[in-house]
Each structure stands twice: as C-alpha cells, then as structure tokens.
Number of protein chains: 2
Amino acid sequence: MAPSNSMPETMTAIRWHPPSFDIRVESVPVPKIEHPDDAIVKVTLAALCGSDLHVYRGHGGVDKVHTSGHEFIGEVVELGASYGSHSPKGRPELYATLKVGDKVVSPFTVNCGECSVCRMGYTCRCPSGSLFGSVALEGGQAQYVRVPKAGGTLFNLSDPKSWHSTLSPDMKEKALSGIADSSLLMLADILPTGVFAAVQALNHPKVLPALSGRPWPTSFFSGDVSATVLPEDRLLTFAIIGLGPVGLCASVSLLDMLSTQQLPFQIVAIDPVESRREKAMAVYKKIDQAGKGSGKFEALSIDDAKNIVATWTGGVGCTAVLEVVGNPSAISLAYDLVRPFGAIVSVGVHGEPQMPFTGRQLYNKNVSFDFGRCPARAMFPMAFDLLVKRQDVFGEVGGLHSLVDRIVAPKEAPEIYEAFDQSKIGKAIFDMWK
Amino acid sequence: MAPSNSMPETMTAIRWHPPSFDIRVESVPVPKIEHPDDAIVKVTLAALCGSDLHVYRGHGGVDKVHTSGHEFIGEVVELGASYGSHSPKGRPELYATLKVGDKVVSPFTVNCGECSVCRMGYTCRCPSGSLFGSVALEGGQAQYVRVPKAGGTLFNLSDPKSWHSTLSPDMKEKALSGIADSSLLMLADILPTGVFAAVQALNHPKVLPALSGRPWPTSFFSGDVSATVLPEDRLLTFAIIGLGPVGLCASVSLLDMLSTQQLPFQIVAIDPVESRREKAMAVYKKIDQAGKGSGKFEALSIDDAKNIVATWTGGVGCTAVLEVVGNPSAISLAYDLVRPFGAIVSVGVHGEPQMPFTGRQLYNKNVSFDFGRCPARAMFPMAFDLLVKRQDVFGEVGGLHSLVDRIVAPKEAPEIYEAFDQSKIGKAIFDMWK
C-alpha cells in the first residue's frame, strides 16, 4: 500500500547513547517498510517504563546508539505487501484486516503470531521476536516506528472483531471511542504484565485446593476426599511486592479476579517508598465495590507486611506472592512471606545475581516459582477487558490514584529520564507531537 | 487397648552412629505408647532409601544415635486411648476404625491429618510432623516402631473403605490379598514421590495449552481464541532426570497418566549409570500397552538425551522436566533441557549449595519450578491405585525390571548400606524377622 502523503523524511526520536545516563532528543530518518510484513506506525504517545532504566543505567551491556522505548500507541500509516484481502488464510487475521488509519497499540515485543511458540500463546518468546527500544529493534519513543511482523504483533483498537473480548456490546462501544490514549497505552506492557502475575498466582496448582475446596491432589484425581477442607482453610492470602505501575496493575487485576470469583482473600501490597504505598491505597479506594470484593487490602512497608502476614495467617504465610521488582532482595522477601506449598510469581526483570536460595530452602518449604516475561500480545484480550471495566482507576492522568503521573513533550526526555531514575516522578508519557 | 501378649521387652534395630558410615544392628527396648494418638506397629519389612544416605554419609549435621529408616510396613499391635468407636466425629477416620491386627503402611513422615495444612493435603508439611529415622523420631528399620498421630498418618491396608480408591471391586479384592508386602512397601515413599512428580509436571498451567489445545491464557479466560493450536504443538516432551527407584516410579506414573488421557508424548529418561538405564528400559518393556500408551520412551545418557531432545523438538526443549536427584548438576541439566515457558518439577532432596541460576536466566526462559517433598499420605490413594494396576512392574523382586533388588536380614545392614552407598546394589529391603 502507498505511504501516506504526509510522511516526512525525518522525525524526532528519543535516543540512548552509551555508556549510560545519556538521553538525547534527535532528528533521525523516518523508518521505511523493510519487509512485506512490516507496518509503519505514527506514534501518538510513548511511555517511559521502569525496565528502560536497565539500559539507561548502562546495565544492559549495550554499546550502540538506539531509539528508546517499548510502550507506544499510534496510527498505521504504511503497510507492507503482505496486507490486504489477498492475505492467505491461516496467517494471523490482521494481515487481512489491518488498514492504514487504524489505531493500534503494540506489545513491548514483536511476535510473529504464527509459529508454534506463538500459537501456544507464549508470544514473548517468539523466536522471531525482538524487544522494541533495544539494539535489535528501534524503539517507540519516536514520531514513527517500524513494527516487524505487525500482523502478529499489533492490537487493532479500531476493529472490535479482532479483540476477542468478552465485553458486552455497550462496553465495546465505550471502548471504541471513550478511552483516552494515555489509558490504552497501558496495554503495551504494564497492564498485561500485572494481569499475567495475577493469573499465574491465582491459577497455580498449589493454590487450587483453596479455590476448589478439594485437598491436594484430589484436584487431579477422581477419587473421593479423605480430608475435609474447612472454610477458614480457603481464605487466600496474597502479597504483592513492588508498587510501581506494574505492581498497581497486578493489584487491580488480582482484586478484580478475586471479586469476580467471589473468593475470600486478604492482600498486603508492599513497598519501602511511602508515596507508592499511598498511591496503592488511593487506587484501592477508587475501585468500586464490585471490583474490589469484600476482602482486606493493605499497603505496607516491608516490616509491617511481615508482621501482618504472620498475624493474618498464624505464622503460616501467604498462599501466593507476586514479585514485581526483579532483584535478590525482592525474591528473598517473597520466599520469607510465602507459605509451605505456596507459589511465588516473579514478573520482575531480574539481572545477573545468582538466585539467593539453597536447594534445601526450596525443598523444605515446597516452594513453586513462575519466572519470566509477560506474553503481552497473548494477554491483550484479558488486559483490554480489565482496562475498559476499570476506567475508574485506569482512566486518569496526574491524580493521586492515577497510574500515569504526567504527559510531557519529547524535549523534556533527558530531565524526565533522570527524575524517573531517581524515583522523583512516577510514570511519564511522551506526546511525540507536542 | 491392651498390648498384644506376645510383645517382647527388646527388639532388633538398625541404628546409625555418628559421625558417619557407622551402621550397627543392636538390641534396644521395644517402643511403648507415649501419647493417646500413638500406635505401635510390628514391622514386617523396612526398606533402605536413597535419602537415608544423606545421614549415613554424615551430611545431615546429625550427632545422635538413632534407629534408621522411613519406609516400613507391618501390623498394628498396640493402640493408644484415642482409638475406638468413642473417637469423636471430625477426627481422621482411622481413630474410629483402626484395630490391632490391621496391616498398615506408613508414609515417611508423620502427619496429624487434622490441622489446616493436612486438610489442604499438604501432609508432609504438617506442623506436628516428623521424619521417621531422624533425631526427632526413631525409624522403621526395627522390629517395632512407634507411630505418633497414627490415625492421621497410617494407611490401613486391611480396610478398603478407608482407601478412597477408584479401583473396581475386583481390583480392590486383588489389592486386599494378592499384593506382596515388598510391593506395598513402595507406598511408603518412592511410589507416591514418583506420582507427585508426574502429577505436578502434567498439571502445570504452562503445560495446560498443550493439554487443552487452547493457547495461553485462554485456559483461564472465557474469551474466544485468536491463535489456533495445531496437533504438532500439542506433542508433549518430558525428561526424567535420575533413574533410581523414584525416577522409575515417576516414569511409570507419567506413562500411565499420558496413556489414560490418550495424550501424544515423547519421554527421555536420563541417568549416567548404564545399569540404571537398562533397568528403566526393562521396566518400560514390561508395562502392557494400555499402561505405556503409544508415545516414545528412551533411556539415555546425559549427552545423548540433550541430542535427542534437540532433535525431537527442533531445539525448543522439553514441555516439562522431572528432576529426581536433588543436586546442582541435576537441576542445571533440567534448566538446559526445558523449553521456554516450560516447567521443572524437582522432588530430589536438595542440600546446601545455592541454586545455580541467575535471575536473568530464569526470566529469559520463563521457567517455572515446583520444589519439595512429597505429601505422601495425601498421595496414597493415587499411588495405591497405580500400584495395584501396575503389578506387572511393581510386583516382583530381583528381576531385571523389578524396582526392588533384594530382601535381606537385618544383620546384613552394615554391608548393605555400604554397597548401596557405592551404587553396587539397587533398592534393598530388610525382613526384620529373618
């Protein structure tokens, strides 16, 4: 398809320079279609994410100048030759349906959508995948971005048929027109990652006896039950470690699942930073009763959290812990808080330190772990439905309970990166045309 | 209840002496009821287990002489005051039904059966529990053993109503009379531990997309499916690391579950010791077609296993790995073999070394782990049914395909421990009255 007439030759991009702490706003060539499966997206908003700080700080072992950013939303302005009604059956549906002018959000990694890994829903590990804003692929903090394998990667916000949503027709209508781009941008990473953490915690086999009321292993065995699980055994206790944007999304998602399934629960959300705890409590208070159920939710410091878990559970520990930080002290805290036969879900981006556990510690507590990156594209339908349902907390910018702190111009990027790195501001979004 | 008239004052016991490698056959006092919930069991057979070697070698930090052994089968000869028809409703059923003369097998740990941990089926982590053959509790390699909390702990082989079995009436009749004690003794540890490994591997949420044919996370989401899982995506690839008795039990259990559920699979069973691989293949060949399904099963060395997994999966890796050894090299091999978004189930008894993984390795492969001790008492119904079904492999002693190598007299214990420690013999059982 022909490029839009208005395509310029150069554009503004926020670029990282080695070795560290060097962000520059530069004019660079507008990307072009390089492969028939490519799309060029005109970026309206692009966000700064906590995981951008790994490269910013020079921890990534990266030595090549590149455009930053893996969270962006925008409009399709050019499509490769693979797109259109001639797209063969069996390819991802967007090859046949995506059009210039469609509003799209991208997950933070490319995925082809048609290999075995993608078909299974493990999209973040697609062998053809790359992370936006890395040496392998220019990022989305730019006025235009090239999206490889866009028919497998993008989510078409303009086409409700492609959403695979469980929303009612009314809610879909609302989603089509009434949601701010700054809210939809959460789909790129933080919201699906939060949902991923909550889904894994609530669906772990070791949590199943509490959910089903059938003792281990009768969840997997047709025999009758010798022990009787009592109502008090089924009270679910969760800890969420790290109350940055992903931790808040995990909190809202977990509360939504627990209230929808009418499960009894108590949640402690943990962060050493007081302002983050205050935000978590403000988010919780803003959620309507149907979205937060009737359990307990507390945002506490590490020591206070240890105490309350001990009190709540008689010293036994949490049914599951969601670890959203990605460092040895966070995963150690998760171990301390989890019960024997509990589950630790870690969606934090871990680095080079060795896991701080002996084999004996893990054996002696019958601990389970789920590590790893969110398959964001596969999580989009769940995350999208939650985003639309929970506009009370996901819909605003700059309020005490809002996940997004501010929307700024690209020229402010060097100062914004620095302030974000020093925890002086919360999540910031770049309006790439401001 | 009154003790049996035939109770002697002293008995033969196999005892461990500090600091290491010192096993003595001694005459010690016969244990007495110390608490109303106790039972005294006259031991017919007691087995030597690989995990006994930790203490034998002096690795357990133990400095107190004690009777060894946590695998035993026998007959109830004395019961505390808690037993009988006066036992209050709500206590574990054996307090009301267990009688002197009943044939029983014990799991390797005591569990009360009536706390929250036990009610949930996490019986090996009962706060009132102890491991037999440890400093905390005299072991079962003796002519008599005291079983604390016996109403929660023991499995009454004489009372089919208490089995919670799914076997047909015919099979139950067979189970009541036609199974050798040397076979039933596998219930104490090795068979439930093998079943525990297989259950966890096959029921992990990350394995669910292959089982259900619905991509992640639609197993947990009511929305419709965007990607179509193809039949070839659903081929399950498993590795089993360690072909001692537990690894063989895990193999047989996994094969049984896969064939019962008619799932397509390929399994590689791994051990550096050739005689163990030969036994694994002999066990596999002995299983009837209904019990081994129509998948592939190979027993290979470490290098050959790596090659075949690469060939079988096009370099992707195993859906799940069962690690039945419990040391850093075994868990590292599991990591190398597992696919991204795969599950590692570790039932091996790990020691003090730190986990040999960086956080980045675990994040980058989206690995899940299930660690820990088998809740043997909770696994008994599943393990018992498998034991009865699979008498073709669990029913014999001393054959190429049999899990039990020999039955010996207690006086041979020092030599047997030494030979077992040096991998010169396979699993040995002591006939305590020989």
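Since we're looking at a predicted model, the values are computed, not measured. Order of the sequence lines sets the chain letters (A, B, ...), proteins ahead of strands, with each chain counted from 1.
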message: I'd like to check A:F196 versus B:W216 (side-chain heavy atoms, cut-off strictly below 4.5 Å). Are they in contact?
response: yes
- request: Side chain from CB out, backbone as N, CA, C, O: work out which of these in B:A210 comes under 4.5 Å of a heavy atom of chain A, or both, or neither.
  value: both
field: Pair A:N366-B:R373, side-chain donor/acceptor within less than 3.5 Å
entry: no
field: Partner chain A: residue of B:L202, B:L362, B:L167 with the largest heavy-atom pair count (under 4.5 Å)
entry: B:L362
field: Check: A:Y122 and B:P209 side chains under 4.5 Å, non-hydrogen atoms
entry: yes
- prompt: When heavy-atom pairs shorter than 4.5 Å are enumerated against chain A, which of B:S346, B:P328, B:P217 gives the highest number?
  reply: B:P217
message: Using a 4.5 angstrom heavy-atom cutoff, name the option from A:A343, A:G351, A:G348 with the most pairs to chain B.
response: A:G351
field: Side chain proximity check, B:K365 to A:R125, heavy atoms < 4.5 angstrom
entry: no
query: Taking C-beta and beyond as the side chain, do A:V229 and B:M120 meet within less than 4.5 Å on heavy atoms?
result: yes
- prompt: How close do A:Y363 and B:V347 get, heavy atom to heavy atom, and via which atoms?
  reply: CE1-O, 3.8 Å
message: Given heavy-atom pairs under 4.5 angstrom as the criterion, report whether the side chain, backbone, both or neither of A:V349 touches chain B.
response: both
- request: Please round to the nearest 0.5 Å and tell me the distance separating atom CG of B:D370 and atom CG of A:D370.
  value: 7.5 Å
- request: Would you check if A:F341 and B:C124 make a side-chain contact, meaning some heavy-atom pair closer than 4.5 Å?
  value: yes
task: Using the test side-chain contact (heavy atoms from CB on, under 4.5 Å), find all partners of A:R119 that sit at least two apart in sequence or belong to another chain.
output: A:S116, B:L230, B:E232, B:D233
message: How close do B:H59 and A:R360 get, counting heavy atoms only, and between which atoms?
response: O-NH2, 4.3 Å
Which portion of A:R234 sits near chain B, non-hydrogen atoms under 4.5 angstrom: neither
- prompt: Hey, which of A:H350, A:H204, A:Q200, A:Q354 has the most heavy atom pairs under 4.5 Å with chain B?
  reply: A:Q354
message: At a 4.5 Å cut-off on heavy atoms, which part of A:C118 comes close to chain B: side chain, backbone, both, or neither?
response: backbone
message: According to ring pair (Phe, Tyr, Trp, His ring centres under 6.0 Å), who are the partners of B:F380, at least two apart in sequence or on a separate chain?
response: B:F155
- prompt: Are A:T218 and B:M382 side-chain neighbours, meaning at least one heavy-atom pair lies under 4.5 Å?
  reply: no
Region of A:V316 that comes under 4.5 Å of a non-hydrogen atom in chain B: neither
statement: Greatest number of non-hydrogen atom pairs under 4.5 angstrom with chain B, of A:G314, A:P205, A:P340, A:S219, falls to A:P205
field: From CD (A:Q361) to CZ (B:F371), nearest 0.5 Å
entry: 11.0 Å
Side chains of B:D385 and A:F221 in contact at under 4.5 Å (non-hydrogen atoms): yes
